[in-house]
There are 2 protein chains.
Amino acid sequence: MSKQERSTQFSKALMEVRSMVLDGSFPVGERLSETAVAEQLDVSRTPLRQALDRLIDEGLLERIETGGCRVASFSFDDIVDAIELRGVMEGTAARVAAERGVSVEKETECRQLLIKLDDAVFGADELDFSSYVSLNERFHELLTEMSGSKIIKREVERIARLPLASPSAFLDGQTSIPNFHASLKIAQAQHRAIFDAICRREGARAEALAREHARLARHNFDYVLNINPRLAERVPGMALVAS
Amino acid sequence: MSKQERSTQFSKALMEVRSMVLDGSFPVGERLSETAVAEQLDVSRTPLRQALDRLIDEGLLERIETGGCRVASFSFDDIVDAIELRGVMEGTAARVAAERGVSVEKETECRQLLIKLDDAVFGADELDFSSYVSLNERFHELLTEMSGSKIIKREVERIARLPLASPSAFLDGQTSIPNFHASLKIAQAQHRAIFDAICRREGARAEALAREHARLARHNFDYVLNINPRLAERVPGMALVAS
DNA sequence: GTTGAAATTATTGTATACAAAAATGTGTAT
DNA sequence: ATACACATTTTTGTATACAATAATTTCAAC
């Protein structure tokens with residue numbers, strides 16, 4: 001973040017390569033040539049290699065034993081596990097928030113955020129998708145912050161960067177999922193329940209609810225992969241899932 | 001790992017800088033000069049910067065807004081949170097192992113390992129510390145492997161690399177902790193209970209036990225920091241804890 | 001003595017050159 | 001035709017050079 005403002009070349013390489021990998025621009029499993037990619041992005045090899053190291057760390061690329069790296073491939077189970085872990089981590093953030101208490105400011109912000117989310121989901125107007133997505137992202141970020149722990153926040157967000165594990169991984173361009181609007185209502189009810197549990201200092205309930213909340217993503221993943229695969233190309237990262 | 005065999009300069013820089021940071025060789029908070037460190041380690045800046053990036057990612061260093069990096073400092077609560085997270089992650093590995101079942105080979109290996117650990121802790125001979133440490137490390141690694149998920153294994157181990165969060169962070173050179181041998185016996189009883197829960201497919205119990213097991217580290221941390229600070233210099237990473 | 005601005009120094013981020021090692025291609029022997 | 005060894009060509013890992021930016025010092029003004 002702070003680095004992404006300053007360091008143009010590295011952050012450019014990071015963002016571009018990441019989105020190309022998620023888009024499936026590189027064939028899964030094929031070694032990617034540093035010189036070729038560097039030339040393609042108009043960046044020297046030094047910041048590119050920095051970006052590749054980072055993407056290896058994120059798990060999107062994997063190192064080849066003899067040198068260089070390739071696009072990683074993920075099994076169905078891998079994605080399920082990543083989503084499960086995100087649920088576990090958000091559950092921990094929620095539990096810790098409940099156990100240790102939340103600052104008045106965060107509580108107030110969350111309360112107002114939930115009203116806006118209610119409005120977006122249950123309101124009379126037609127659903128504004130992109131605003132829902134950003135509100136949802138803010139809710140999940142706020143959840144990590146309510147834990148009051150910078151380490152928990154950092155590690156939850158790291159897990160959420162695993163492929164298809166983020167809270168909004170299946171939210172883009174998916175209006176065609178049946179009962180999708182209905183599932184957003186369920187999600188919002190869960191948001192409220194999690195917040196309620198935190199306010200009541202009910203740690204175990206908050207944790208269980210947050211875990212269950214993450215399973216909505218698992219359900220969407222299952223749908224996209226097994227029932228309606230033509231949606232796959234609209235979901236970034238789906239190209240990495242071995243079919 | 002695979003990279004550490006091949007790439008001598010990078011891995012050399014990584015290991016040396018990491019251990020220097022943990023030893024407190026660099027003053028906490030002070031910016032570390034790339035050229036100076038590179039010269040000191042007899043390595044060029046390129047692999048050194050790679051190592052620094054990695055250590056930033058691990059959380060041992062933090063980026064300075066204007067460029068470069070400094071040694072990170074951790075509060076008491078930060079360490080407590082890191083240990084908590086390790087417990088949560090190992091708990092997840094244990095629960096998943098219980099829920100999904102464990103391969104015969106892993107189960108057999110774990111059974112034999114537990115016998116060796118019993119021998120080390122409860123045996124007639126005097127405790128062989130270094131062999132206990134490596135057996136204990138293998139048990140925790142095996143726990144992640146019993147989950148059957150490479151993603152869970154990878155992320156558990158990543159969390160365990162947080163400062164003072166590893167299962168053996170407080171095991172070295174601490175024979176002077178009162179009742180230390182007794183606490184090893186408790187730990188071993190917990191190892192057995194976790195394994196028992198996994199074999200019986202009791203996921204919730206396995207998870208709870210693994211979490212509680214991690215709290216032994218928290219207890220040791222509390223002891224070293226608040227009751228017997230002269231032990232601190234023997235524990236790598238303790239130099240990073242703000243006093 | 002303190003403050004502020006300009007100049008100097010040091011440090012980082014990036015590009016590139018180079019050497020070692022891996023991948024590829026060629027030719028020969030069987 | 002296939003397998004194996006050797007030579008060639010890429011490709012990676014490392015060192016270093018360079019430019020832009022940040023830190024520091026110096027010096028003057030108040």
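Reminder, nothing fancy here: chain letters follow the sequence lines and each chain counts from 1.
- Aromatic ring orientation, A:His140 versus A:His191: perpendicular (interplanar angle above 60°, classes split at 30° and 60°).
- Between A:Thr108 atom OG1 and A:Leu113 atom CG the span is 12.0 Å, to the nearest 0.5 Å.
- With rounding to whole Å, A:Leu14 atom CG is found 12 Å from C:dT14 atom P.
- Taken to the nearest 0.5 Å, the NE2 atom of A:His213 stands 6.5 Å off from the CZ atom of A:Phe139.
- Residues A:Ser103 and A:Lys106 have side chains in contact (heavy-atom distance under 4.5 Å, counting atoms from C-beta outward).
- Put simply, CG on A:Leu32 is 13 Å from C1' on D:dT12, counting in whole angstrom units.
- Here the C1' atom of nucleotide C:dA23 and the CD atom of A:Glu65 are 15 Å apart, to the nearest Å.
- Taking side-chain N and O atoms only, B:Arg31 has a distance below 4.0 Å to OP1 or OP2 of D:dA23.
- Smallest separation of non-hydrogen atoms from A:Leu52 and A:Cys69: CD1-SG, 4.2 Å.
- In this structure, NZ of A:Lys12 is placed 18 Å from P of C:dG13, rounded to the nearest angstrom.
- Atom CZ of A:Arg49 and atom C1' of D:dT11 are 10 Å apart (whole Å).
- To the nearest angstrom, P of D:dT12 lies 13 Å from CG of A:Asp53.
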Protein-nucleic acid N or O pairs under 3.5 Å, nucleotides 15-20 of chain D:
| from | atom 1 | to | atom 2 | distance (Å) |
| --- | --- | --- | --- | --- |
| D:dA15 | OP1 | B:Gln9 | NE2 | 2.9 |
| D:dA15 | OP2 | B:Ser44 | N | 2.9 |
| D:dA15 | OP2 | B:Ser44 | OG | 2.9 |
| D:dA15 | N7 | B:Thr46 | OG1 | 2.7 |
| D:dT16 | O4 | B:Thr46 | OG1 | 3.1 |

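- Applying the 4.0 Å criterion to OP1 and OP2 of C:dA23, one finds that A:Thr66 has a side-chain N or O inside that range.
- Within a 6.0 Å radius of CG in A:Asp42, other residues, nucleotides and ligands contribute 12 heavy atoms or fewer.
- When rounded to the nearest whole Å, the span between CD of B:Glu30 and P of D:dA23 equals 14 Å.
- Whole-Å rounding puts the A:Phe10 CZ to C:dT12 P distance at 16 Å.
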